[in-house]
Number of protein chains: 2
Amino acid sequence: MIHSKPINNIDKICQQKGISLTQKRHNIFDVLLSSMIPLSAYDITDIYKNKFVTSMPTMSIYRILEFLTGSGLVHKLESTNKYIACSHLQCDHEHTNAQFLICNSCSEVEEVALTQELHHQIEVGAEQKGFKLEALQFELHGTCKTCLKKQSH
Amino acid sequence: MIHSKPINNIDKICQQKGISLTQKRHNIFDVLLSSMIPLSAYDITDIYKNKFVTSMPTMSIYRILEFLTGSGLVHKLESTNKYIACSHLQCDHEHTNAQFLICNSCSEVEEVALTQELHHQIEVGAEQKGFKLEALQFELHGTCKTCLKKQSH
DNA sequence: TACATAATGATATGATATATCATTCAAATA
DNA sequence: TATTTGAATGATATATCATATCATTATGTA
């Protein structure tokens, strides 16, 4: 179990950042926040219907996911095509350099900030090839602590 | 233009590695090798038809791509859902740690070996979280040398 | 209220991918 | 050479992920 603690002050954060969080956007964020594992837009559709009784079209969910990822509240995992709430919203630093430890066994994800040091090294490596990096997002697949323990039994 | 030089000794390499490269697998590999940019399975379907006159069902192409990626001859870019021929087949080292510089402007990709140093750092960072890494694949998005030059004009 | 703009809904369709069963090919052996 | 067997490929259906577009509704402001 590598899930991080819930975020309760999302409204305050959004107010500070000037992000307009409608009720529905808030709901989608809540669905992601309540989930132990990343969800697809269609997963969210199903969970939303159960959780909020009323249903939302998947296309609206995609739109809201786009808004939430654009605002930095949610990340999209490119390697699995799933979405996850940012677990570093409390921090005041930028989150353009995220590193995700994705467990192939239980699907849980831990979000880790990339160290300045590491980021710098990678950037310099790219620069040597004449390549200008944009935001980094590393998706590291493997096995989490809990699943490793289970396997060793 | 960051494309690497073509690989002519693919058959010899496969023989050495014990990879059974059928004509059709060879053809798919050729399509990828001839392309400056990563291709989707459906892209390959179209190109294959033109290049080899006869057509191959996309599902067969998926199967062959699975074989080729499993053999290490081809990489799948998770961030774009496209496939690319490995450009380090000549080398005798393992290619479990690849880094791709993906140009968002021209779509060309440069495959760079991850340094032992960097790999080690990342592995240790993950280990500190109790996380056991599998093969690393970093997909770095940005702008390549050529496109940067063009933009500055 | 009236207007303008942002947010959401509805519908259609495109793009990527897997599952399954049938058929063909190719190597090994009788 | 004929036969067998397993690997490779074809065909069909369908699941999954995603975007485009136009219509409608909600919200803030003059």
Side-chain angles (χ1 to χ4, degrees), chain A residues 11 14-15 17-32 35 37-49 51-71 73-84 102 104 107 139, chain B residues 11 14-15 17-32 35 37-49 51-71 73-84 102 104 107 139:
Chain A
D11 291 300
C14 285
Q15 218 175 344
K17 295 189 179 185
I19 296 167
S20 111
L21 205 63
T22 65
Q23 186 58 54
K24 297 188 179 184
R25 286 170 178 171
H26 199 132
N27 289 350
I28 300 291
F29 185 76
D30 277 348
V31 169
L32 285 172
S35 174
I37 59 173
L39 301 173
S40 75
Y42 288 86
D43 292 337
I44 296 171
T45 308
D46 295 339
I47 296 171
Y48 193 100
K49 190 158 23 181
K51 187 164 183 171
F52 300 104
V53 186
T54 168
S55 80
M56 183 184 294
T58 308
M59 304 313 122
S60 296
I61 289 174
Y62 268 109
R63 210 158 13 197
I64 289 177
L65 285 171
E66 192 184 359
F67 174 84
L68 293 174
T69 51
S71 308
L73 300 180
V74 164
H75 298 290
K76 179 180 182 186
L77 298 180
E78 303 286 357
S79 59
T80 55
N81 296 314
K82 298 204 184 317
Y83 300 83
I84 187 171
I102 303 166
N104 289 336
S107 299
E139 303 182 17
Chain B
D11 291 301
C14 285
Q15 217 174 346
K17 296 191 179 186
I19 296 168
S20 111
L21 205 63
T22 64
Q23 187 58 53
K24 297 188 177 181
R25 286 170 178 171
H26 199 132
N27 288 351
I28 299 292
F29 185 77
D30 278 349
V31 168
L32 285 172
S35 175
I37 59 174
L39 301 173
S40 76
Y42 290 87
D43 292 339
I44 296 172
T45 307
D46 294 341
I47 296 170
Y48 193 100
K49 190 156 27 183
K51 188 164 184 172
F52 299 104
V53 185
T54 167
S55 80
M56 184 185 295
T58 310
M59 305 312 121
S60 295
I61 289 173
Y62 268 109
R63 208 157 15 198
I64 289 177
L65 285 172
E66 192 184 358
F67 175 85
L68 294 173
T69 52
S71 307
L73 301 179
V74 165
H75 298 289
K76 179 182 182 185
L77 299 180
E78 301 287 356
S79 59
T80 55
N81 296 314
K82 298 206 184 315
Y83 301 83
I84 186 170
I102 304 166
N104 289 337
S107 299
E139 303 181 16

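Lettering follows sequence order; numbering is per chain, from 1. In what follows, every heavy atom counts, from backbone to side chain, and hydrogens, waters and symmetry copies are set aside.
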Between C1' on D:dA26 and NZ on A:Lys24, what's the gap in Å once rounded to a whole number?
9 Å

Using a 4.0 Å heavy-atom cut-off across all strands, classify A:Ser60 as base, sugar-phosphate, or nothing.
base

When you check the phosphate oxygens OP1 and OP2 of D:dA18, does a side-chain N or O of A:Asn81 lie under 4.0 Å from one of them?
yes

Base, sugar-phosphate or nothing for B:Met59? Non-hydrogen atoms, less than 4.0 Å.
base

Value in whole Å for how far the P atom of C:dA17 lies from CD of A:Glu78:
13 Å

If you apply the rule side chain to side chain contact (heavy atoms under 4.5 Å, CB included), what do you find for A:Phe52 with A:Lys24, and how did you get there?
CA-CA 10 Å; A:Phe52 300 104; A:Lys24 297 188 179 184; over 6 Å; no

Measure OH/A:Tyr83 against P/D:dC17 and give the value in whole Å, please.
10 Å

Please give, in whole Å, the distance from D:dT19 P to A:Ile61 CD1?
14 Å

Phosphate OP1/OP2 of C:dA15 contacted by B:Lys82 side-chain N/O (<4.0 Å)
no

Pick out which of A:His26, A:Met59, A:Met56 makes a side-chain contact (heavy atoms from CB on, under 4.5 Å) with A:Ile64.
A:Met56

To the nearest Å, how far apart are A:Gln23 CD and D:dT25 C1'?
16 Å

Counting any heavy atom closer than 4.0 Å, what does B:Arg63 reach on the DNA or RNA strands: base, sugar-phosphate only, or nothing?
base

C:dA7 phosphate, OP1 or OP2, under 4.0 Å from A:Ser20 side-chain N/O
yes

Could you state the atom-to-atom distance from CE of B:Met56 to C1' of D:dG10 in whole Å?
10 Å

Can you say whether a donor on the side chain of B:Tyr42 sits under 3.5 Å from an acceptor on the base of C:dA17, or the other way round?
yes

Taking only the side-chain nitrogens and oxygens of A:Lys76, find out if one of them lies under 4.0 Å from OP1 or OP2 of D:dC17.
no

Between C:dA7 (P) and A:Asn27 (CG): distance, integer Å:
16 Å

Would you say C:dT8 has OP1 or OP2 under 4.0 Å from some side-chain N or O of A:Thr22?
yes

Passes side chain to side chain contact (heavy atoms under 4.5 Å, CB included), A:Ile84 versus A:Lys76? Steps please.
CA-CA 6 Å; A:Ile84 187 171; A:Lys76 179 180 182 186; over 6 Å; no

Using the closest heavy atom to pick a nucleotide of DNA chain D for each, name whichever of A:Thr58 or B:Ser55 lands nearer the 5' end.
B:Ser55

Distance-only donor-acceptor test, B:Tyr62 side-chain atoms vs C:dA19 base atoms, 3.5 Å:
no

Distance, rounded to the nearest Å, where A:Glu66 contributes CD and C:dA7 contributes C1'
13 Å

Nearest non-hydrogen partners of A:Ser55 and A:Lys49, listed with the distance
CB-CD, 3.7 Å

Does a side-chain heavy-atom distance below 4.5 Å link B:Asp43 with B:Lys82?
yes

